[in-house]
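Remarks on the structure that follows.
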Protein chains: 4
Amino acid sequence: MTKPDKRNYIVQSALELFAKHGFHGAPMTMIAERAGVGVGTIYLYFETKDVLINELHQELEEKMYPFLLNGYADNAPIRRRFFNIYTSLLRYFIQFPLDFRYLEQFYNSPYGVAFRRVKLMGNKTGRSDVFDELFEEGTEWQVFKDLPPVILLALAFGPLLTVARDHILGFVHLDDTMIDRTINACWDAVRR
Amino acid sequence: MTKPDKRNYIVQSALELFAKHGFHGAPMTMIAERAGVGVGTIYLYFETKDVLINELHQELEEKMYPFLLNGYADNAPIRRRFFNIYTSLLRYFIQFPLDFRYLEQFYNSPYGVAFRRVKLMGNKTGRSDVFDELFEEGTEWQVFKDLPPVILLALAFGPLLTVARDHILGFVHLDDTMIDRTINACWDAVRR
Amino acid sequence: MTKPDKRNYIVQSALELFAKHGFHGAPMTMIAERAGVGVGTIYLYFETKDVLINELHQELEEKMYPFLLNGYADNAPIRRRFFNIYTSLLRYFIQFPLDFRYLEQFYNSPYGVAFRRVKLMGNKTGRSDVFDELFEEGTEWQVFKDLPPVILLALAFGPLLTVARDHILGFVHLDDTMIDRTINACWDAVRR
Amino acid sequence: MTKPDKRNYIVQSALELFAKHGFHGAPMTMIAERAGVGVGTIYLYFETKDVLINELHQELEEKMYPFLLNGYADNAPIRRRFFNIYTSLLRYFIQFPLDFRYLEQFYNSPYGVAFRRVKLMGNKTGRSDVFDELFEEGTEWQVFKDLPPVILLALAFGPLLTVARDHILGFVHLDDTMIDRTINACWDAVRR
DNA sequence: GATGAATGAGCGTTCATTCAT
DNA sequence: AATGAATGAACGCTCATTCAT
């Protein structure tokens with residue numbers, strides 16, 4: 001097992017356990033055991049549990065971003081871009097349910113709130129940029145309803161999160177058709 | 001202090017502390033202290049901390065239900081009923097941010113998942129009934145899009161949760177106009 | 001076992017273990033076990049291990065103080081007072097070797113240094129008062145050598161500490177005669 | 001870097017860190033880092049941390065010994081020899097506060113107690129020899145009080161340790177005059 | 001010889017739960 | 001019914017020591 005391997009095993013183990021049991025339901029010892037390393041080893045790569053949680057979030061965002069941008073064209077019509085990116089997002093959630101469950105926990109915790117607060121104040125690089133751009137442009141061209149960006153975002157993001165969770169928990173099954181119809185409904189919500 | 005009084009103090013204290021600090025950030029001793037009772041007393045009314053968490057949820061739903069149904073008329077047009085109930089819901093969240101924060105945590109935890117699983121399987125009384133009825137009828141009359149009820153629910157619920165949280169966290173301010181526009185957007189999402 | 005009993009068992013256990021093994025050689029679990037209580041119980045009486053260490057020191061000083069002042073007369077000649085208090089001190093160390101070993105560790109650690117620093121700056125109540133008085137008066141009356149109080153103190157305290165330790169470790173045996181001769185020698189050191 | 005160089009860097013680093021932070025406040029990794037070597041390297045030269053601590057003590061004594069004997073003449077009068085050696089000792093402590101702090105910690109720990117026990121039983125070479133000789137001869141010639149050597153030693157050593165510590169901690173300033181007066185006072189303590 | 005990533009026993013501390021009063 | 005002192009398993013984290021390279 002080479003050095004970066006070990007870090008990956010830890011990250012993967014943490015992802016799975018945090019996703020399944022929540023942050024405080026997954027002790028460091030359990031993460032270490034599942035990763036096949038000693039507890040101390042985790043602390044070679046992550047200063048504290050908090051750091052592990054935050055870096056995991058960052059890695060996930062970095063992994064998700066290119067996934068969302070796949071096939072995305074800056075100059076395509078807004079509607080197309082909307083469909084493209086939200087379909088990608090929902091597919092991503094479905095394809096990587098662990099990531100989704102993790103991110104949900106993250107944003108629903110002091111970690112995520114702190115993160116959003118920072119993000120909404122200073123404008124950081126990362127996921128929101130492309131979403132922000134889309135909504136700004138759509139508002140400017142009067143394609144979208146006259147609502148604050150935060151609410152427009154909520155109208156599209158909110159249902160997707162709910163729907164993805166329901167799918168993962170088995171309460172509904174999202175095939176391609178259903179995904180498309182769902183995104184369509186979100187589009188109806190935001191478009192003028 | 002009569003018996004049910006004590007129970008109420010405990011419930012209120014638990015609500016506030018869970019809402020503010022999360023389930024594992026609120027020790028039983030702290031709950032007892034704020035409620036003005038001994039720790040042991042809590043265990044007279046609630047077998048374990050888990051039971052307390054679940055019963056708190058149930059009480060909140062029971063409190064919310066009449067609030068939502070205020071002014072609700074079974075025989076009103078579907079659109080009106082939709083606006084009525086979702087506006088009530090969003091107002092409730094805004095008016096009782098503690099309740100909202102609590103419920104959010106609850107549904108975003110193993111407690112809530114278990115609860116929903118039970119609810120969606122067997123047919124329970126409770127909140128979803130009136131929503132279910134609304135969506136069933138709306139689908140039947142072809143007012144709503146041809147989507148599974150779970151997804152229709154998500155299209156209206158999802159944004160409301162997101163938007164309520166953003167309001168409580170101070171990321172956006174929801175006044176009456178904004179609430180109305182938001183519900184309108186949700187209506188656009190579900191209506192055919 | 002009544003409530004204050006428990007605290008006493010803890011204090012006694014901590015004293016013995018700190019004296020024998022040093023602060024970091026005596027884990028809280030070991031202290032609890034020897035005291036016949038659960039670990040958590042210690043934390044009912046002492047906020048942290050540091051607090052336990054500091055309160056133990058304070059209790060010891062409070063216990064020692066009346067012991068030193070036994071038979072001490074403010075208006076006796078300086079020489080008599082000197083003999084009285086230093087004989088008492090040495091006897092105390094010999095009679096309570098645990099206390100001595102504990103205090104030695106305490107003053108030889110960041111805890112003790114911090115304590116002395118505070119004491120030498122602001123003038124606190126406690127042990128040093130009577131010693132200080134003695135040296136001030138003795139200097140004023142030109143009974144003592146013309147040296148800073150800190151050094152006069154060292155000339156009497158230093159050998160006593162060394163000698164007490166040697167006695168406790170069994171390197172020398174201090175009977176009454178030997179104690180008297182030792183104090184006499186200290187007197188020769190400080191007197192003009 | 002030649003082999004003995006590495007050992008020296010380790011020893012120096014250990015001295016500084018033990019002196020500043022105490023034995024258990026100075027992890028092996030920290031010692032290695034400051035020495036500019038790998039942790040494993042320390043274990044090439046010292047079997048365990050305990051061995052490192054003990055060998056460090058031995059090296060310090062070996063360094064101190066010639067320092068004390070500087071200008072010391074076996075055939076000089078006892079008084080002169082006394083002044084010579086104790087002045088040297090106090091100067092050494094002041095000039096090498098790191099050494100002093102280290103030695104203080106050492107003698108105030110199980111390490112030091114074990115060391116002294118061995119020394120007082122068997123007859124070892126080292127520091128005490130010249131002190132022992134001095135006190136034996138002084139007692140024989142009736143220059144010193146009729147006290148066991150251990151106590152005579154304590155009467156001179158004790159104040160010096162206390163006074164050196166107070167100087168290093170900044171509680172008093174020892175210039176040449178003060179050093180001389182202090183040694184004088186010690187002489188008064190031991191001389192008949 | 002030299003390294004430093006890896007280890008896991010052991011630390012100080014917390015907190016859901018119990019039970020004698 | 002009501003209490004809160006008492007408990008100890010379990011937590012996050014540290015660090016002396018090892019060993020493959």
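Nothing here was measured: the structure is a model prediction, and the numbers come from that model. Each chain gets a letter, A, B and so on, in the order the sequences are listed, and its residues count up from 1. FYI, side chains are in, hydrogens and waters are out, and symmetry mates aren't considered; it's all heavy atoms of this structure.
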How close do [X] and [Y] get, heavy atom to heavy atom, and via which atoms?
X     : Y      : answer
C:L15 : C:L98  : CD1-O, 3.9 Å
A:F18 : A:Q105 : O-NE2, 2.9 Å
B:I31 : B:I10  : CG2-O, 4.1 Å

Exercise. Is the distance between the ring centroids of B:H57 and B:F115 under 6.0 Å?
Worked result: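 When the ring centroids of B:H57 and B:F115 are compared, they turn out to be within the sub-6.0 Å range.
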
Exercise. Would the D:H24 and C:F23 ring centres measure less than 6.0 Å apart?
Worked result: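 When the ring centroids of D:H24 and C:F23 are compared, they turn out to be at least 6.0 Å apart.
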
Problem set entry | From CA spacing to verdict: side-chain contact (heavy atoms from CB on, under 4.5 Å), B:E47, B:L52 | CA-CA 8 Å; B:E47 215 174 337; B:L52 170 59; over 6 Å; no

Exercise. Can you tell me which stems DNA chain E forms when a stem means 3 or more consecutive Watson-Crick or G-U pairs under 3.5 Å?
Worked result: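 Expected stems, ordered by start: E:2-21 with F:2-21.
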
For this session: Take nucleotides 13-21 of chain E nucleotide by nucleotide from the 5' end and write B, S or -, depending on whether a protein heavy atom sits under 4.0 Å from the base, only from the sugar-phosphate, or from neither.
Result: BBSSBB---

Rounded to whole angstroms, how far apart are [atom1] on [X] and [atom2] on [N]?
X     : N      : atom1 : atom2 : answer
A:D5  : E:dA6  : CG    : P     : 10 Å
C:F46 : F:dA6  : CZ    : C1'   : 15 Å
D:I53 : F:dA16 : CD1   : P     : 9 Å
A:K6  : E:dG4  : NZ    : P     : 17 Å
B:R7  : F:dA2  : CZ    : C1'   : 17 Å
D:L44 : E:dA2  : CG    : C1'   : 6 Å
B:E33 : F:dA5  : CD    : C1'   : 15 Å
A:I31 : F:dG12 : CD1   : C1'   : 11 Å

For this session: Hey, which sits more toward the 5' end of DNA chain F by its nearest nucleotide, B:G38 or C:I42?
Result: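 Counting from the 5' end, the first nearest nucleotide belongs to B:G38.
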
Exercise. Under 6.0 Å from the CD atom of A:E59, do we count more than 12 heavy atoms belonging to anything else shown?
Worked result: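 Yes, CD of A:E59 has more than 12 neighbouring heavy atoms, counting only those of other groups under 6.0 Å.
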
Exercise. Is it the case that more than 12 heavy atoms not belonging to A:K63 sit under 6.0 Å from its NZ atom?
Worked result: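 Yes.
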
Problem set entry | Flag, side chain of D:Y102 to backbone of D:I53, donor-acceptor distance under 3.5 Å |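 Checked: pair present.
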
